[in-house]
Every structure is written in structure tokens, then in C-alpha cells.
Amino acid sequence: YSKRSAGILQIGEGNYFRSGLAFYTNGTSDATTDWSERMRISMEGNVGIGTTSPSTKLQLKGDATYISVKASDGSNGVQLGTDSSGDGLLQLYDQSGVNNIKLYGEASSPSYINAGNVGIGTATPGFRLEIAEDTNGTADLLQLRNSDSTYAQTWAFRSDTSKDLVITGSSGSGGIKLVPGSRGLVLNGALSITGDGSNAVTLTESDSGDFAIDAPDDIRFDAGGGDFVWRTGGTEFGRLSAYSNGLRLTTSVANQDMYL
């Protein structure tokens, strides 16, 4: 046989007899293929696997290359390395070997943790969670999803080209419910509510308190040619209508008085 199977050689790496160590193994099943270098300890004391010139204390080189920690049953616990395209990858597994946490270092979607703040798309997050996207179109920022077969729903949060925050639900039966504390809900600025053409806008007082609208100037209602309808317990009892450049107030219940 002319092949060499395994060994450690002194490798000159600089003048004045400065040297490192090269570690060789051979996994070929023939009589002639020589060994290959698998690991290097440089003259600086750096250890390299897959590289002959490691620049850090421990360095692995190659795509789809990992450092792994396995459980006693042989299942994966932690993998740290690069995927097949060379992106950095950290994978954490549960006791059954299921990959539950995966962190990718994709170039197009950088994420950072900075002094306790988490940034997605920004290297300098100024809040506990900051999501950023640099685009001249609509920015897709966040998606919330319930994948249950009965209650499936997806909420997409986007910043559109009008600088508006747009929240879109995928299911026609879903809605948004705000349940504030005792101070209620305070909105500063203009408010525009657009309905779906049937029950366009419904405002409900669920407790025994009053429903109040308080404005420092005019309160304007535009029914688009329709009537304002008053109901109690779901039953209509009166209407306010436009009539010959004026207003007409009518009762919807027969033989009932109307008081002004």
C-alpha cells in the first residue's frame, strides 16, 4: 500500500521556525488515495476544522457545517453553524429531537438584540421590539395567525404608501375588539369609520351607562340620503329623514305619541 492513513505533522507557518500542527485522517476504501488534512492548530494556537489558517480560537469552515451537542439518546440538542447556502444558523431542539427554535442569518432580514431591545430589520432598536423595513412600497411588518381548523384567522399589519397602518383579517367572520380599562378608549386626531355597506357602523353601550358624543364644535352626520333610525331592544321606534330641504321626524310605532 502507498496510502497514508492518519498522522500529525509539523507545518512551518513563519520564519524563525514558527510552526503549527496539521492533523490527517483517511476514510477512503482503496490502496492508493493519500490522507487529507482535517484539522490545524496554527502557530497562534487557533484551531481550525476545514481551514488551514484559522483566525479565531475555534473556527469551522464550510457550508452545511455545524457544531452540535447531542442528548444521551443521540438526538439533537443544539446545532450551530451554516446552512447549505452559507447563512449562519442556530437550531435548538426539545427532548424528543424536534427543532423548536431556528435562528437564520439571512442577509435580507437582519435581526439584532441591543441592550435588551430586539430589532428586526434594524441594527439599533430603540424599543423593546422594533420592526423596520426600508421599502418604497407597502411594508409587511407583522402577521398574527391562529391555525386552528375551527377558529382559523390571520391578521396582517402593514404600513402602506399613504403612511397608514393597515390591519387586514383573512376571515370574513373576524373583527377587532378593544376592551380597555376603566378610563375607556381615547383617540386623538381625526376619526373616520367606514362600514361594509350593510350594518355600516354599530356603536353599542354594553353596560347601563350613557353613550355620549362630546365635541367642541359641530357634530355632523351624513347618511348619504338615508334615514337616521332609532331602535330599542332591536325594535325600530322612530326615524329622522331629509324632507323638502328640511327635516321630518316620524314615529314607527302606530298610535304612539311623539314628543318634542
Got [X] and [Y] here, is their nearest side-chain heavy-atom distance under 4.5 Å?
{"X": "Leu90", "Y": "Gln79", "result": "no"}
{"X": "Leu60", "Y": "Tyr66", "result": "no"}
{"X": "Trp35", "Y": "Leu9", "result": "yes"}
{"X": "Arg40", "Y": "Thr51", "result": "no"}
{"X": "Leu89", "Y": "Lys102", "result": "yes"}
{"X": "Trp155", "Y": "Leu142", "result": "no"}

[X] side-chain N/O to [Y] backbone N/O, donor-acceptor pair under 3.5 Å:
{"X": "Asn26", "Y": "Asp34", "value": "yes"}
{"X": "Asp87", "Y": "Thr82", "value": "no"}
{"X": "Asn99", "Y": "Ile101", "value": "yes"}
{"X": "Lys3", "Y": "Asp30", "value": "yes"}
{"X": "Ser170", "Y": "Thr154", "value": "yes"}
{"X": "Asp227", "Y": "Val229", "value": "no"}
{"X": "Gln143", "Y": "Phe157", "value": "no"}
{"X": "Asn46", "Y": "Gln59", "value": "no"}
{"X": "Asp164", "Y": "Val166", "value": "no"}
{"X": "Glu133", "Y": "Ala139", "value": "no"}

How long is the straight-line distance from [atom2] of [Y] back to [atom1] of [X], given to the nearest 0.5 Å?
{"X": "Thr168", "Y": "Asp160", "atom1": "OG1", "atom2": "CG", "result": "9.5 Å"}
{"X": "Ser159", "Y": "Leu165", "atom1": "OG", "atom2": "CG", "result": "7.0 Å"}
{"X": "Thr25", "Y": "Ile8", "atom1": "OG1", "atom2": "CD1", "result": "11.0 Å"}
{"X": "Met43", "Y": "Glu13", "atom1": "CE", "atom2": "CD", "result": "6.0 Å"}
{"X": "Gln153", "Y": "Leu144", "atom1": "CD", "atom2": "CG", "result": "10.0 Å"}
{"X": "Leu141", "Y": "Ile131", "atom1": "CG", "atom2": "CD1", "result": "6.5 Å"}

Do [X] and [Y] belong together in a cluster built from hydrophobic side chains that touch within less than 4.5 Å?
{"X": "Ile67", "Y": "Val69", "value": "no"}
{"X": "Leu21", "Y": "Ile11", "value": "no"}
{"X": "Ile49", "Y": "Phe23", "value": "yes"}
{"X": "Val179", "Y": "Ile176", "value": "no"}
{"X": "Val118", "Y": "Leu92", "value": "no"}

TODO: Under the side chain to side chain contact (heavy atoms under 4.5 Å, CB included) rule, what do Asn76 and Lys70 come out as? Steps first, then yes or no, please.
DONE: CA-CA 5 Å; Asn76 286 320; Lys70 290 184 177 290; 2.7 Å; yes
Open item on the list: Just by distance, no angles: are the side chains of Ser19 and Gln10 close enough, under 3.5 Å, to form a donor-acceptor pair?
Closed with: yes
For atom [atom1] of [X], decide whether the heavy atoms of other residues, nucleotides or ligands shown that lie under 6.0 angstrom number more than 12.
{"X": "Asp134", "atom1": "CG", "result": "no"}
{"X": "Arg145", "atom1": "CZ", "result": "no"}
{"X": "Asn136", "atom1": "CG", "result": "no"}

Task: Exercise: identify the closest heavy-atom pair between Asp140 and Arg158 - done: OD1-NE, 2.6 Å
TODO: Could you pull out the closest heavy-atom pair between Gly27 and Arg38, with the gap in Å?
DONE: N-NH2, 4.1 Å
